[in-house]
Amino acid sequence: MGMNIVCLDLEGVLIPEIWIAFAQKTGIEALKRTTRDEPDYNVLMRYRLDILDKEGFKLADIEDVICSLDPLPGAPEFVDWVRSQTRLVILSDTFRQFVGPLMAKLGHPTLFCHDLVVDNTGRIADYTLRLADHKRKAVEAFKALNFTTFAAGDSYNDLSMIDVADDRALYCPPERLITERPDLPVARDHRELRKIIEDTL
């Protein structure tokens, strides 16, 4: 087994995209923008918070939608398998306040993510990033601790951690990304991702 650690993105890999689910539930098309469309995370989050304010949505409205979501098909079994083989850390640009219910459905794997600033009316006033480019910095830190690292994600904001990992893959990425990065193996489902990881263990 050695000193392996598997680092995975969360949304689009193990759970549905929360903002897209919320956009579908509320009918607000503008909230369907993700890091696939807007690579600058801060620009994207300001845009989202402005829309929430304009429409009068609170954290509780988003929580209601999140409680109705399930992990992606096969994800809980995949998480169990990874944890039975080696260490798993999920590195995500989501927020702690969003993902509680879904983390429970995945068996509470270790998650590093960001925090929302919620005022006393339940309005999402702001957000606090754990660290800029925290996915890459986490993988680099694990390597400095002598772990052999594997990283996989579905989008542009995962590339910085994927590129510094010892072994890597894209998971169900947009076609554009596959074309731009022919050097990266692509998994289309959890079975394929498991096979790629098995080859590194």
Side-chain angles (χ1 to χ4, degrees), residues 5-28 31-38 41 44-45 48-49 51-52 57-118 122-124 126-131 134-135 138-139 150-158 161-162 169-174 187-194 197:
I5 194 160
V6 171
C7 302
L8 298 176
D9 176 39
L10 181 63
E11 293 182 70
V13 178
L14 300 173
I15 68 170
E17 294 276 357
I18 286 170
W19 287 100
I20 289 177
F22 187 66
Q24 284 164 341
K25 196 79 162 219
T26 57
I28 300 171
L31 284 174
K32 288 186 177 172
R33 281 178 76 81
T34 68
T35 46
R36 290 179 173 204
D37 312 299
E38 171 50 74
Y41 187 73
L44 182 64
M45 275 308 300
R48 288 167 168 169
L49 295 186
I51 292 171
L52 294 183
F57 286 118
K58 305 282 177 80
L59 176 59
D61 299 307
I62 301 179
E63 287 173 334
D64 285 346
V65 172
I66 292 167
C67 286
S68 73
L69 298 177
D70 283 314
L72 295 172
E77 297 78 4
F78 174 73
V79 166
D80 288 347
W81 174 79
V82 175
R83 292 167 82 183
S84 75
Q85 300 299 309
T86 187
R87 300 153 199 82
L88 171 66
V89 175
I90 295 169
L91 302 174
S92 174
D93 280 327
T94 191
F95 300 97
R96 192 175 48 83
Q97 292 85 344
F98 279 1
V99 291
L102 283 160
M103 287 293 105
K105 291 175 183 178
L106 286 172
H108 294 290
T110 300
L111 168 71
F112 297 171
C113 65
H114 306 306
D115 264 298
L116 291 171
V117 179
V118 183
R123 171 181 162 265
I124 302 173
D126 204 353
Y127 61 95
T128 317
L129 297 185
R130 173 176 302 284
L131 201 61
H134 80 120
K135 295 182 183 192
V139 172
F150 175 90
D154 70 323
S155 198
Y156 285 93
N157 66 328
D158 299 312
M161 74 164 175
I162 287 171
L170 291 170
Y171 184 82
C172 294
R188 303 280 183 183
D189 56 34
H190 292 109
R191 192 177 43 80
E192 290 182 10
L193 188 55
R194 172 173 170 165
I197 293 172

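Predicted, not measured: the structure shown is a model, and the values here were computed from it.
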* Show your working on side chain to side chain contact (heavy atoms under 4.5 Å, CB included) between I124 and I62 and close with a plain yes or no. => CA-CA 10 Å; I124 302 173; I62 301 179; 3.9 Å; yes
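- Nearest heavy-atom pair, G153 versus V13, reported as atom, atom and distance to 0.1 Å: CA-CG2, 4.1 Å.
- The heavy-atom pair separating V65 from K25 by the smallest distance is CG2-CG, 3.6 Å.
- If you take OG on S155 and CG on D93, they are separated by 9.5 Å, rounding to the nearest 0.5 Å.
- Between H190 and L72, the shortest heavy-atom contact is CE1-CB, 4.4 Å.
- Each salt bridge (Lys or Arg N to Asp or Glu O under 4.0 Å) pair with one or both residues in residues 95-115, not counting sequence neighbours, appears once here: D70-K105, R96-D115.
- Checked for salt-bridge contact, K135 and D9 meet the test: a charged N lies under 4.0 Å from a carboxylate O.
- The two residues A151 and M161 have their closest heavy-atom pair at CB-O, 3.9 Å.
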* Run the side chain to side chain contact (heavy atoms under 4.5 Å, CB included) check on I66 and L102 step by step: do they pass? -> CA-CA 8 Å; I66 292 167; L102 283 160; 4.1 Å; yes
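- In this structure the side chain of K32 reaches within 4.5 angstrom of the side chain of Q24, judged on heavy atoms.
- Distance check, rounded to the nearest 0.5 Å: SG of C172 to CG of D189 gives 7.0 Å.
- Inter-residue side-chain proximity for F57 and L31 is flagged as unmet; no heavy-atom pair is nearer than 4.5 Å.
- The aromatic rings of F98 and W19 sit perpendicular to each other, their planes meeting at more than 60°, with 30° as the lower class boundary.
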* Go through F150 and L193 one step at a time and tell me if the side chain to side chain contact (heavy atoms under 4.5 Å, CB included) criterion holds. => CA-CA 11 Å; F150 175 90; L193 188 55; 4.1 Å; yes
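- Looking at R33, its side chain never comes within 3.5 Å of a backbone N or O of R48 through a donor-acceptor pair.
- Here the straight-line distance linking atom OH of Y127 with atom CG of L49 works out to 7.0 Å at 0.5 Å rounding.
- The two atoms that bring R188 and E192 nearest to each other are N-OE1, 2.8 Å, heavy atoms only.
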* Could you go through the side chain to side chain contact (heavy atoms under 4.5 Å, CB included) check for F22 and L52 one step at a time? => CA-CA 11 Å; F22 187 66; L52 294 183; 3.8 Å; yes
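- Using a 4.5 Å heavy-atom cutoff, the side chains of I197 and T86 are not in contact.
- Taking 4.5 Å as the limit, every side-chain heavy atom of V6 sits out of range of all side-chain heavy atoms of R83.
- Separating the CG atom in L88 from the CG atom in L14 is a distance of 7.5 Å, to the nearest 0.5 Å.
- Distance check: L170 CG to D154 CG gives 8.5 Å after rounding to the nearest 0.5 Å.
- The aromatic rings of H114 and F95 sit tilted relative to each other, their planes meeting at an angle between 30° and 60°.
- I15 has its side chain out of reach of L69: every pair of non-hydrogen atoms, C-beta onward, lies at least 4.5 Å apart.
- Take D64 and apply the side-chain hydrogen bond (donor to acceptor under 3.5 Å, both in side chains) test, not counting sequence neighbours, and it matches no residue.
- Closest approach of L10 to M103, counting heavy atoms only: CD1-CE, 3.4 Å.
- In this structure, OG1 in T94 is found 4.5 Å from CD in E11, a value given to the nearest 0.5 Å.
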